[in-house]
There are 2 protein chains.
Amino acid sequence: MAMTVQKPVTSADVARLAGVSQPTVSRALRGEPGVAAATIEKVRRAADALGYVLNETGRSLSTRRTNLVGIVVPELTNPFYPELIEPLRRELDGAGYRSVLIADPGESGFNVVRDLLNGSLAGVLLTTSPMGSNLPQVLKDRRIPYVLVNRVLDLVEADMCSTDNAAGARLAASLIVEIGHRRIAAVLGPGDASNARDRERGFREELAEHGIALPASRALHGPFSYESGHERAVQLLSSTRRPTSVFCANDVLAIGAYNAARSLGLRVPEDLTIVGFDDIAMASWDVFQLTTVRYELPTMAAESVRMLLARIEDPKRSHESLMIPTTLVKRATHGPPSTG
Amino acid sequence: MAMTVQKPVTSADVARLAGVSQPTVSRALRGEPGVAAATIEKVRRAADALGYVLNETGRSLSTRRTNLVGIVVPELTNPFYPELIEPLRRELDGAGYRSVLIADPGESGFNVVRDLLNGSLAGVLLTTSPMGSNLPQVLKDRRIPYVLVNRVLDLVEADMCSTDNAAGARLAASLIVEIGHRRIAAVLGPGDASNARDRERGFREELAEHGIALPASRALHGPFSYESGHERAVQLLSSTRRPTSVFCANDVLAIGAYNAARSLGLRVPEDLTIVGFDDIAMASWDVFQLTTVRYELPTMAAESVRMLLARIEDPKRSHESLMIPTTLVKRATHGPPSTG
DNA sequence: CTGAAAGCGCTTACAG
DNA sequence: CTGAAAGCGCTTACAG
């Protein structure tokens, strides 16, 4: 049973067996119009017989097109991201594109940029771009199609698909105020993320309209992570006059805060109201029943991919900026302040 | 400000500017030995001046090598998978490879197979292969390097990196029996996953050695999902003589079961002991404090990638089969059965 | 309807 | 140390 190392079958091999030229194989297999039915049949047979599979690299080099889309993401272990990435990947799959995960530039931005520019990507979805990032400008200069997903940028004209973060945060503020809270705190996102900034702004504006202040001591910033939510909440809840409610700029933070409350022996919502943002799957788990601001991630994903494909199709089309609307989901983590 | 659509810069452009031949540019930039220092300098300058970035597709076609590794995964929204994918991606990144997400074949296996065989991947990591899958054999026939991650297969000789599922499940069974449980149930994984099968086997064997049976009515199978864990647990806990403990074949199932217990008003561990498997991040969250079987996912990822790279390097090397050991993590979801 | 030729952007023997 | 040539596997005008 000596194994002969079989070189991959090429279209030239198929041509030889079918008794036609190599370009004819290419035409027949692609279903290009104007190929004799009999030829198509011959070629198909030969291809099947040899187990031919088109070499994507050869095709890409020739057409100067690829079927790879880069998705720039941070750590996938942050539970929010899979819920965004999964529908993005599905949409791309459906459109015949493969998804390449590209690590968030962060500090080591240089390699990433090279990966993005080396011609292997048809386009890029940016899901993390901080407000100061120069990546969008670089991509623009290189004429690489991209869409900002869940982020907004003022500096560069670009396609972007986001949600109405300010309006959503106002809904949260509104609810919290309405049920009687006055000692309100917030666990906010990173200062350089547009969605974090917009959520903070909306939340503050709505509070201000009710004449309620959000002092710096009760508005803590940090990454959108479980750990950050947990730590910031512990800090807020350990103060002498602890807040009766906390708005968290996303659900991952909120769930961190929920766990922190639990670890401190506080009941939710009796001792603390928690409101999140995103409505990720675990927000509705029995143990959390998180009251939160919802928007449709699958819709955001579908629209983002649609915009990217349109841009790939027509690089000169005018830029689009889309906002997925938000709604409030009232579950079990909000209630009137305890009269403590 | 008329924008001229600039065609991407090629090595030929760099050659022209530097006043050398195109192959010399290639050699200089790759740091091939035997290029004059002065030439390297000239070429570098020209490349920088033009903003040259090597075209990966051209390189791949020429070398017949790519820097893309496919990771075959199921839905990323299953919280277990990001914890496996993230370290895999990190390891691949570190080795200079990009990660392409490829949807689990499932029923629509055909497209996937084409994607895997079209020559664009240096290798493949299979994280979901069901026991009956023919994908490994197909990859083998095509000489495409691959590693089975977190799965084991008897039919095909292949590189695989798994964990000692049977031994781990025995640890769980041991603990449950030791603290006094006799009415024991199990929420098991899918029948076609090797890790599910091995965990069930180990659990049953250890129980049998203590003379304890696991009747079919208390051993329910299903996918490794939150929903499955929730539903199966509700079913088990609604029976007249409900079990006092349940072993879940992974943490996602266990957390589903935990939530189900909560929704039924049962206390954990007072009314129900729950033991999981994997020790994913959320197992240690304050609200769960899940007792579970642990193994090092980063280690599994690192070893899997090492094996894949070695296979890419030397297709003829002998196959490796590795098992990452397990340990028991005792947290707060186990306790003696209530004397009910 | 189909073939011969050229080209996509690289790398790699082969000369010199 | 460097250039001319060939080739990786396709697609696409161009002829006929």
Side-chain angles (χ1 to χ4, degrees), chain A residues 5-44 46-47 50-68 114 117-122 142-143, chain B residues 5-44 46-47 50-68 114 117-122 142-143:
Chain A
V5 175
Q6 65 198 32
K7 289 211 326 193
V9 176
T10 70
S11 58
D13 299 324
V14 176
R16 214 166 299 129
L17 180 62
V20 299
S21 74
Q22 179 272 324
T24 294
V25 171
S26 172
R27 292 186 188 109
L29 260 26
R30 268 179 302 124
E32 198 180 86
V35 180
T39 304
I40 294 181
E41 183 57 21
K42 265 194 304 189
V43 170
R44 282 239 178 88
L50 297 174
Y52 171 70
V53 177
L54 179 140
N55 180 307
E56 188 60 33
T57 307
R59 200 194 66 87
S60 285
L61 187 57
S62 181
T63 59
R64 294 140 146 283
R65 263 182 260 126
T66 81
N67 63 0
L68 248 38
R114 286 199 42 173
L117 305 180
N118 68 8
S120 53
L121 300 178
R142 295 283 183 157
R143 308 286 188 277
Chain B
V5 174
Q6 64 200 33
K7 290 212 321 192
V9 176
T10 71
S11 59
D13 299 325
V14 176
R16 214 166 298 130
L17 181 62
V20 299
S21 72
Q22 180 271 325
T24 294
V25 171
S26 172
R27 293 186 187 109
L29 259 27
R30 269 179 302 124
E32 199 179 84
V35 179
T39 305
I40 294 180
E41 183 57 22
K42 264 194 302 189
V43 170
R44 282 240 179 86
L50 297 174
Y52 171 71
V53 177
L54 179 140
N55 181 307
E56 188 60 32
T57 307
R59 198 194 67 87
S60 285
L61 187 57
S62 181
T63 59
R64 293 139 145 283
R65 262 181 260 128
T66 81
N67 64 0
L68 247 38
R114 287 199 41 175
L117 304 180
N118 67 8
S120 53
L121 301 178
R142 296 281 183 160
R143 309 286 189 279

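We use all heavy atoms of the structure for the numbers below, so side chains are in, but hydrogens, waters and symmetry mates are not. The chains referred to below are lettered A, B, ... by the order of the sequence lines, with proteins before strands, and numbering in each begins at 1.
Electrostatic pairing of Arg44(A) and Glu41(A) does not count as a salt bridge here, judged by no charged N lying under 4.0 Å from a carboxylate O.
In terms of heavy atoms, Gln22(B) sits closest to Ser11(B) at NE2-OG, 3.0 Å. Residues Thr57(B) and Ser120(A) come closest through the heavy atom pair OG1-CA, 4.4 Å. Annotation for Asn118(A) and Leu54(B): closest pair CB-O, 3.3 Å, computed over non-hydrogen atoms. Pairing each heavy atom of Val43(B) with each of Leu29(B), the nearest pair is CG1-CD1, 3.4 Å. The heavy-atom pair separating Val9(B) from Tyr52(B) by the smallest distance is O-CD1, 3.4 Å.
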Please test Ser60(A) against Arg64(A) for side chain to side chain donor-acceptor pair (under 3.5 Å), starting from the C-alpha separation and ending with a verdict.
CA-CA 5 Å; Ser60(A) 285; Arg64(A) 294 140 146 283; over 6 Å; no
Could you walk me through whether Val14(A) and Val25(A) pass the side-chain contact (heavy atoms from CB on, under 4.5 Å) check?
CA-CA 7 Å; Val14(A) 176; Val25(A) 171; 3.9 Å; yes
Set out, in order, the CA-CA distance, both residues' side-chain angles and the distance that settles side-chain contact (heavy atoms from CB on, under 4.5 Å) for Ile40(A) and Arg27(A), then state yes or no.
CA-CA 9 Å; Ile40(A) 294 181; Arg27(A) 292 186 188 109; over 6 Å; no
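Going from atom CD of Glu56(A) over to atom C1' of dT11(D) covers 12 Å, rounded to whole Å. Per the geometry, CD belonging to Glu41(B) stands 18 Å off C1' belonging to dT2(D), to the nearest Å. When rounded to the nearest whole Å, the span between CZ of Arg65(A) and C1' of dC8(C) equals 12 Å. Atom C1' of nucleotide dT2(D) and atom CZ of Arg16(B) are separated by 18 Å, given to the nearest angstrom. Counting to the nearest Å, the C1' atom of dC1(D) and the NZ atom of Lys42(B) are 11 Å from each other. The OH atom of Tyr52(B) sits 7 Å away from the C1' atom of dG9(C) (whole-angstrom rounding). As rounded to whole Å, 8 Å separates atom C1' of dC8(D) from atom CG of Asn55(A). In this structure, Glu32(A) atom CD and dC10(D) atom P are separated by 15 Å, rounded to whole Å.
The side chain of Leu54(A) approaches dC10(D) more closely than any other nucleotide in the set dC10(D), dT12(C), dG3(D). Checked against dT11(D), dG9(D), dT11(C), the side chain of Arg30(B) finds its nearest nucleotide in dT11(C). Side chain of Ser11(A), nearest nucleotide from dC10(C), dT2(C), dC10(D): dC10(D).
Nucleic acid contact for Ser26(A): base, since at least one base atom lies under 4.0 Å from a heavy atom of the residue. At a threshold of 4.0 angstrom between heavy atoms, the contacts of Thr39(A) are confined to the sugar-phosphate backbone, with no base atom among them.
Residue whose closest nucleotide on DNA chain D sits further toward the 5' end, between Leu61(A) and Thr24(B): Thr24(B). Nearest-nucleotide assignment on DNA chain D puts the 5′-proximal partner with Pro33(B), out of Gly58(B) and Pro33(B).
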Would you write the dot-bracket representation of DNA chain C, where each base gets (, ), [, ], | or . depending on whether it forms a Watson-Crick or G-U pair under 3.5 Å and with which partner?
|||.||||||||.|||
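Within the 4.5 Å cutoff, the side chain of Leu50(B) has heavy atoms near those of the Leu17(B) side chain.
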Taking only N/O atoms, report every protein-nucleotides 14-16 of chain C pair under 3.5 Å with atom names and distance.
none

List every contact pair, protein side and nucleotides 5-7 of chain C side both N or O, where the distance is under 3.5 Å.
{"residue": "dG7(C)", "atom": "N2", "partner": "Ser62(A)", "partner atom": "OG", "Å": "3.1"}

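At most 12 heavy atoms of other shown residues, nucleotides or ligands fall within 6.0 angstrom of atom CZ in Arg65(A).
Atom OG1 of Thr66(A) sits about 8.0 Å away from atom CD of Glu56(A), to the nearest 0.5 Å.
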